[in-house]
Trainee: 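Here you go, one structure.
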Amino acid sequence: MAVLTDRPAATPARRHQRAARTLATRFLGYATLVFFGLVFLYPFVIQIGNALKTEPDAAANPLSPFPDPLTVAGFERIFAGTNFPLWLGNSLLVTVLVTIGRVFFDSLAGYALARLRFRGRGGLFAAVIAVMAVPGVVLLIPKFLVLNQLGLYNSYAGLVVPLLADAAGVFIMKQFFESIPVSVEEAARIDGASIFRTFWSVVLPMAKPALITLTILSFQGSWNEFPHSLVSVQDPDLFTLPRGLADLVSGSLGKGTQYPLKLGAALLATIPVAIIFVVFQRYFVRDANDGSDKG
Amino acid sequence: MATETLTAVATADGPRRRRGGIRSNENLAGWLFVAPVIVILGLFLLLPILMALWVSLTDWNGQGSPFTGDVPFVGGHNYTQLSTEDGLARRDFMTSIRNNIYYVAIVVPAQTVLALGLALVVNNRMLKGKSFFRSAFYFPSVTSSVAISVVFLFLFANSGAVNALLGVVGIDGPEWFADSRGVLHLLFGAVGVDSPPAALADGGPFGLTWWDWLAGPSVAMISIITLVVWTTSGTFMLMFLAGLQNVPVTLDEASTLDGASRWQRFRYVTLPMIRPTTFLVLTLGMIGSWQVFDQVYVMSQGDPAKTTLTPAYLSYRTAFRDFDYGSGAAISFVLFLIIIVLTLIQRRALAERDTDRPRRGWRRRRVPERS
């Protein structure tokens with residue numbers, strides 16, 4: 001506590017001491033970063049390494065990232081021995097449709113809630129907020145019931161249609177539209193453009209950052225979506241990647257652990273999201289920051 | 001801040017454009033614009049919840065439609081089976097509640113402390129290359145829960161990486177996914193209490209003995225807990241980071257000049273300043289932790305000895321494996337209730353915080369679960 005009075009007349013010795021402390025802090029900081037960097041990334045390194053190993057090698061040296069011998073037999077068996085290509089196709093189809101649907105429908109609704117004055121708007125927005133709080137896992141049985149009742153169970157429609165809009169996306173778009181100055185739209189409307197035309201050719205182009213964020217979130221969300229496919233389809237021909245992968249590990253492979261194959265399949269399922277993450281990182285980070293900052 | 005100004009401008013501009021017949025036009029357009037979202041969310045979210053509420057009052061077995069007169073109506077029986085009637089249904093449900101309580105009790109503090117620690121390091125002004133590490137820590141949160149569970153199945157396999165690592169320091173690792181022993185039971189065992197003392201052997205609440213309630217998370221559950229803490233910490237780290245960046249640097253400097261030690265600065269300056277964020281992380285963590293499903297489905301399916309059973313997974317299993325949809329739906333609603341209560345607590349607290357510091361109010365969840 002005597003530091004305060006000492007500070008103005010810092011002696012060289014004291015300055016040395018402080019420099020040493022800074023150095024030590026820095027060293028400790030980097031050590032922590034590297035340690036946790038390993039904790040968070042090494043599992044992926046192990047995954048890649050072991051996907052390229054033989055089964056005995058993977059069992060004997062699980063920690064080593066270096067395959068000995070290196071083999072792509074696991075990947076060959078993924079494509080020859082499982083329905084992987086089919087799951088991949090289904091996942092692509094579902095992801096593309098869901099992403100397009102969400103971006104379009106969510107921005108339409110977000111725009112209306114932000115800008116258009118219609119009766120019931122306040123109530124609708126409150127409903128959107130309420131819906132965001134409904135936890136996905138309690139919807140498993142309900143979703144199955146309604147799909148079953150509507151005759152959509154076990155169909156592509158059942159996989160896609162329920163995911164075509166989401167409350168969180170509507171919310172993101174509404175918040176963004178509210179931040180755009182209204183004057184440009186006014187000019188367009190005065191020039192006689194219809195509401196949809198104004199939205200489509202004037203407002204949407206200005207909303208690019210939000211649209212990119214929403215596209216990425218929808219892509220990531222629907223690519224990784226698992227519980228919904230669990231309760232909407234049963235037919236193996238309609239499995240998406242996560243569903244197929246889950247099926248693979250829960251024993252459809254028959255005997256043996258076959259870790260190189262499973263890790264390889266999981267790796268292939270991770271790659272698209274990983275690429276998008278690396279390319280569009282700042283949108284991911286911003287999304288998570290938004291969540292906290294705006295509470 | 002820029003956006004706040006813009007919003008202010010937008011609302012100030014608002015009234016001016018309410019002119020002429022545009023308004024009735026907007027009324028129709030407004031409803032047309034929101035119609036697709038209303039139809040989809042109404043049809044696949046609200047309606048199904050009502051349907052499930054009905055089914056939870058019946059004994060529907062999955063055959064035919066649950067909305068005909070043939071389906072036996074049982075009233076609240078599915079709910080009493082879970083709470084007051086002794087039997088397998090209640091024992092399984094209470095076991096799943098017990099498991100999830102221990103899961104929450106470890107996951108929430110662990111991920112919060114880890115996330116805060118990572119955020120503090122990444123926020124350190126003296127270090128370079130932080131953005132790389134920030135991305136590295138966050139990356140697991142964006143990957144597929146199923147794919148990541150597959151990786152952790154391998155890491156925690158009997159001859160997997162974790163046991164290999166434990167072997168390096170001379171520990172003989174357990175058979176993670178076959179080990180149903182509770183961690184607390186193991187601790188009791190270590191101090192010589194191997195079997196339940198007479199006082200705990202029977203007669204606990206809700207059909208489980210006190211000894212069962214006090215089992216702690218099983219060894220198998222620990223591996224799932226590890227996975228979840230590992231995947232979610234990154235998201236929460238980013239939240240803490242945003243909170244930390246709101247702490248004025250001058251405040252930190254002033255307290256340094258006042259002679260506060262690093263720990264004092266953290267304890268008496270930083271922590272109080274980020275209290276709202278901490279609260280957000282804790283409640284979001286709790287809400288997410290009651291929804292754990294994907295990992296259980298892929299890694300353990302509730303085994304061994306039902307020690308990784310969670311309410312979310314139990315409701316799925318009861319409905320889709322045992323074809324007892326009524327009971328499964330009832331479990332869902334009890335879980336729903338738990339989560340809603342947690343959400344309300346969170347929103348109330350956030351509303352209080354927002355009146356202190358007005359901001360655009362919303363949150364997104366990318367916690368272990370999604371909708």
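Labels below follow one simple rule: chain letters A, B, ... track the order of the sequence lines, proteins then strands, and each chain is numbered from 1.
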Trainee: What part of A:L28 gets closer than 4.5 Å to chain B, counting heavy atoms only: side chain, backbone, both or neither?
Mentor: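 The answer is neither part of A:L28.
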Trainee: For each of A:G120, A:G101, A:P242, tally heavy-atom pairs with chain B at distances under 4.5 Å, and name the one with the top tally.
Mentor: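 It is A:P242.
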Trainee: Kindly write out the residues that satisfy salt bridge (charged side-chain N to carboxylate O under 4.0 Å, His left out) with B:K130, not counting sequence neighbours, or none if the list is empty.
Mentor: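 If we apply the salt bridge (charged side-chain N to carboxylate O under 4.0 Å, His left out) test to B:K130, skipping adjacent residues, there are no hits.
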Trainee: Calculate, to the nearest 0.5 Å, the distance between atoms CG and CZ belonging to B:L114 and A:F36 respectively.
Mentor: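 Rounded to the nearest 0.5 Å, the CG-CZ separation comes out at 5.5 Å.
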Trainee: In terms of heavy-atom proximity below 4.5 Å to chain B, should A:L124 be classed as side chain, backbone, both, or neither?
Mentor: side chain
Trainee: Side chain to side chain contact (heavy atoms under 4.5 Å, CB included) between B:V122 and A:L33: does it pass, once the steps are laid out?
Mentor: CA-CA 8 Å; B:V122 171; A:L33 280 181; 4.2 Å; yes
Trainee: Answer with side chain, backbone, both or neither: which region of A:A274 has an atom nearer than 4.5 Å to a non-hydrogen atom of chain B?
Mentor: both
Trainee: Is any side-chain heavy atom of A:F118 closer than 4.5 Å to a side-chain heavy atom of B:F33?
Mentor: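 Answer no - side chains too far apart.
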Trainee: Top residue by heavy-atom pair count (under 4.5 Å) with chain B, among A:I276, A:L230, A:V34, A:N61?
Mentor: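 If we count pairs closer than 4.5 Å to chain B, A:L230 comes out on top.
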Trainee: Looking at B:V142, is its backbone amide N or carbonyl O close enough to the side chain of A:N224 to form a donor-acceptor pair, meaning the two atoms are under 3.5 Å apart?
Mentor: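 Pair found, side chain donor or acceptor close to backbone of B:V142.
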Trainee: Below 4.5 Å, heavy-atom pairs only: which of A:F44, A:F199, A:F104 has the largest tally toward chain B?
Mentor: A:F44
Trainee: For the interface with chain B, which of A:A167, A:S107, A:A60, A:A165 has the highest count of heavy-atom pairs at distances below 4.5 Å?
Mentor: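 If we count pairs closer than 4.5 Å to chain B, A:A165 comes out on top.
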Trainee: Using every non-hydrogen atom in the two residues, find where A:L145 and B:A52 come nearest and quote the distance to one decimal.
Mentor: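 Reported closest heavy-atom pair: CD1-CA, 3.6 Å.
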Trainee: When only pairs under 4.5 Å are counted, which of B:V298, B:V151, B:V121 shares the most heavy-atom pairs with chain A?
Mentor: B:V151
Trainee: How close do A:I141 and B:S332 get, heavy atom to heavy atom, and via which atoms?
Mentor: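 It is CD1-OG, 3.9 Å.
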Trainee: Flag the pair B:F139 / A:V278 as yes when at least one side-chain heavy-atom distance between them is below 4.5 Å, and no otherwise.
Mentor: no
Trainee: Less than 4.5 Å apart, side chain to side chain, heavy atoms only: is that true for A:L150 and B:F44?
Mentor: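 Sidechains of B:F44 and A:L150: in contact.
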Trainee: I need the residue from A:A112, A:A59, A:P162 with the largest number of non-hydrogen atom pairs under 4.5 Å to chain B.
Mentor: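 If we count pairs closer than 4.5 Å to chain B, A:P162 comes out on top.
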Trainee: Check step by step if side chain to side chain contact (heavy atoms under 4.5 Å, CB included) holds for A:K262 and B:L153.
Mentor: CA-CA 10 Å; A:K262 292 174 186 169; B:L153 268 178; over 6 Å; no
Trainee: Among A:L263, A:L245, A:V273, A:L140, which residue has the highest count of heavy-atom pairs closer than 4.5 Å to chain B?
Mentor: A:L263
Trainee: Is the closest side-chain heavy-atom distance between B:S144 and A:F226 below 4.5 Å?
Mentor: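 They are not in side-chain contact.
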Trainee: Of the listed residues (B:W60, B:W290, B:Y297, B:F152), which shares the most heavy-atom pairs with chain A below a 4.5 Å separation?
Mentor: B:Y297
Trainee: At a heavy-atom distance under 4.5 Å, which candidate from B:F132, B:Y325, B:F320 has the highest pair count against chain A?
Mentor: B:F320
